[in-house]
Amino acid sequence: MIPVSGRRRSVPRWLRRAVGPVVLLVLWQVLSSTGVLPADVLASPGTIAATGGGLVADGTLPSAMLVSLQRVAVGLLLGGVAGVALALASGLSRLGEDVIDATVQMLRSIPWVGVIPLFIIWLGIGEAPKIALIALGVAFHLYLNVYAGIRGVDARLVEAGTSLGLSRWGLIRHVVLPGALPGAMTGLRYSLATAWLALVFGEQVNADDGLGFLMNQAREFFRTDVIVVCLAVYAILGLIADLLVRTLERLLLQWRPTFTGQ
């Protein structure tokens, strides 16, 4: 009788996570090679990889990525400052909540993509409406999560801080803001995803460079390979941004034990 080891040899987690995408790519290539998926409907992974390599080699893709990254960075900074400032004013003060929260909730109900025509009228067709659209989407997500994080702080912790003699600023600094940090990190992750989504819409507004410009050109010439390359770049940049935020979470929230699955 062969003894059975009590400890099963585990498969590396990165390998388990790669199974789904690899299977999808293989199936996609098989369907393209057999003609089930025509090239004019969706290019094969091999064609897309070759197209991406060509765009990188001639500098077109890196240049477009740099322009799009600049737009996201500026929009994220402006929207982040606005969203966090409004959340602090509303979350830390009842007067601020009365003045700010109802207005923000009302504006949040408006589809932010629907304000593109107004942004064009107000700001023209240059960089300003693209950055404003990104900032708008970012600000709402950060406001909601930071505000919820502040108001979700355990009241008993505030009472304990007060009993220890902390001033109002001391309570905010040592109790409220650390307690709201998990919500802020969640809001930042949502904001980054929204920033990339807003970028896609924003770069449809008379763009002459950037990833959206490449996609518009490819649409006119039915270049599905170029379109998928741009979409893949959007996805990779978004994944990298999310990874950076997760790393930041691990550094800033080491004090918070969390469940990571079994």
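The residues of the chain are indexed from 1 along the displayed sequence.
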Quick one: does [X]'s side chain get under 4.5 Å of [Y]'s, heavy atoms only?
X: Glu203; Y: Met215; result: no
X: Leu107; Y: Phe140; result: yes
X: Ile236; Y: Leu239; result: no
X: Leu214; Y: Leu61; result: yes
X: Tyr143; Y: Gln105; result: yes
X: Gln29; Y: Ser33; result: yes
X: Pro38; Y: Val41; result: yes
X: Ile48; Y: Thr224; result: no

Whether over 12 other heavy atoms sit under 6.0 Å from Ile125 CD1: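 Not more than 12 within 6.0 Å, no.
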Arg156 CZ: over 12 foreign heavy atoms closer than 6.0 Å: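 Check fails, neighbour count at 12 or below.
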Could you give the distance from [atom1] ([X]) to [atom2] ([Y]), rounded to the nearest 0.5 Å?
X: Glu220; Y: Gln217; atom1: CD; atom2: CD; value: 7.0 Å
X: Lys130; Y: Ile120; atom1: NZ; atom2: CD1; value: 8.5 Å
X: Arg108; Y: Leu144; atom1: CZ; atom2: CG; value: 4.5 Å
X: Leu243; Y: Leu192; atom1: CG; atom2: CG; value: 11.5 Å
X: Ile131; Y: Leu123; atom1: CD1; atom2: CG; value: 10.0 Å
X: Leu188; Y: Arg246; atom1: CG; atom2: CZ; value: 13.0 Å

For the residue pair [X] and [Y], what are the closest heavy atoms and their distance?
X: Pro129; Y: Gly124; answer: CG-O, 3.2 Å
X: Pro117; Y: Gly114; answer: CD-O, 3.3 Å
X: Ala241; Y: Trp196; answer: CB-NE1, 4.2 Å
X: Leu142; Y: Gly80; answer: CD1-CA, 3.3 Å
X: Ile100; Y: Ala89; answer: CD1-CB, 3.6 Å

Parallel, tilted or perpendicular: rings of His141 and Tyr190 (30°, 60°):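 It falls in the parallel class, under 30°.
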Aromatic ring pairing Phe119/Trp122, orientation class (parallel under 30°, perpendicular over 60°, tilted between):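 Phe119 and Trp122: tilted rings.
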Backbone of Ala64 reached by a side-chain donor or acceptor of Ser68 within 3.5 Å: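 Indeed, once roles are kept as given, a pair shorter than 3.5 Å links the two residues.
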Any side-chain donor near an acceptor of the partner, Ser44 and Thr47, under 3.5 Å: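 Yes, Thr47 and Ser44 have a side-chain donor paired with an acceptor closer than 3.5 Å.
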Linking I/L/V/M/F/W/Y whenever any side-chain heavy atoms sit under 4.5 Å apart, do [X] and [Y] land together?
X: Leu25; Y: Val30; value: no
X: Val229; Y: Phe222; value: no
X: Met65; Y: Val74; value: no
X: Val67; Y: Tyr234; value: no
X: Leu181; Y: Val138; value: yes

Arg71 bridged to Glu127 by N-O distance under 4.0 Å: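 The answer is yes: the pair qualifies as a salt bridge.
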Partners passing salt bridge (Lys or Arg N to Asp or Glu O under 4.0 Å) against Glu159 (at least two apart in sequence or in another chain):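 Residues passing salt bridge (Lys or Arg N to Asp or Glu O under 4.0 Å) with Glu159: none at all.
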